[in-house]
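Structure first, then comments.
The structure presented is a predicted model; accordingly, all values stated were derived computationally and were not measured. Throughout, numbering of the chain's residues begins at 1 and tracks the sequence.
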Amino acid sequence: MNHKSGDDLLTNRFLFLSVITTLLLTAVVFFSIESFGEASWVGERRIALIMDGDKTEPGRNRAHYQGLKEACAALPACE
């Protein structure tokens, strides 16, 4: 007779539960992307930046503002 120890049974149950949980979560993520992913690309897109100073100050503020302008220019309808 081949009897498995309690540790072997617990290990097998844990592995089985892990595989089932992984498959279930993968299915949920896939369903969510298929159902709702396309909706995120429909509608108006906006770009925003919060700066702690004037956009004309040399350094970070000016560089961030220039990056914002370039990102905005890459969008089809940017004002």
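In this structure, Asn61 and Met51 have side chains that are in contact, with non-hydrogen atoms separated by less than 4.5 Å.
Cluster partners of Phe16 are Ile20, counting Ile, Leu, Val, Met, Phe, Trp and Tyr whose side-chain heavy atoms approach within less than 4.5 Å, directly or via other members. With a 4.5 Å cut-off between side-chain heavy atoms of Ile, Leu, Val, Met, Phe, Trp and Tyr, the cluster of Ile50 takes in none. Clustering of Ile, Leu, Val, Met, Phe, Trp and Tyr side chains at separations under 4.5 Å leaves Phe31 isolated, with no partner residue.
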Which donor-acceptor pairs under 3.5 Å do the side chains of residues 21-30 make with protein atoms, sequence neighbours left out?
from  : atom 1 : to    : atom 2 : distance (Å)
Thr21 : OG1    : Leu17 : O      : 2.7
Thr22 : OG1    : Ser18 : O      : 2.8
Thr26 : OG1    : Thr22 : O      : 2.7

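The side-chain contact (heavy atoms from CB on, under 4.5 Å) check on Thr56 picks up Asp54, with sequence neighbours excluded. Evaluation of the side-chain hydrogen bond (donor to acceptor under 3.5 Å, both in side chains) rule for Gln66 yields no partner, not counting sequence neighbours.
Residues Arg62 and Glu57 approach most closely at CB-O, 3.1 Å, considering heavy atoms.
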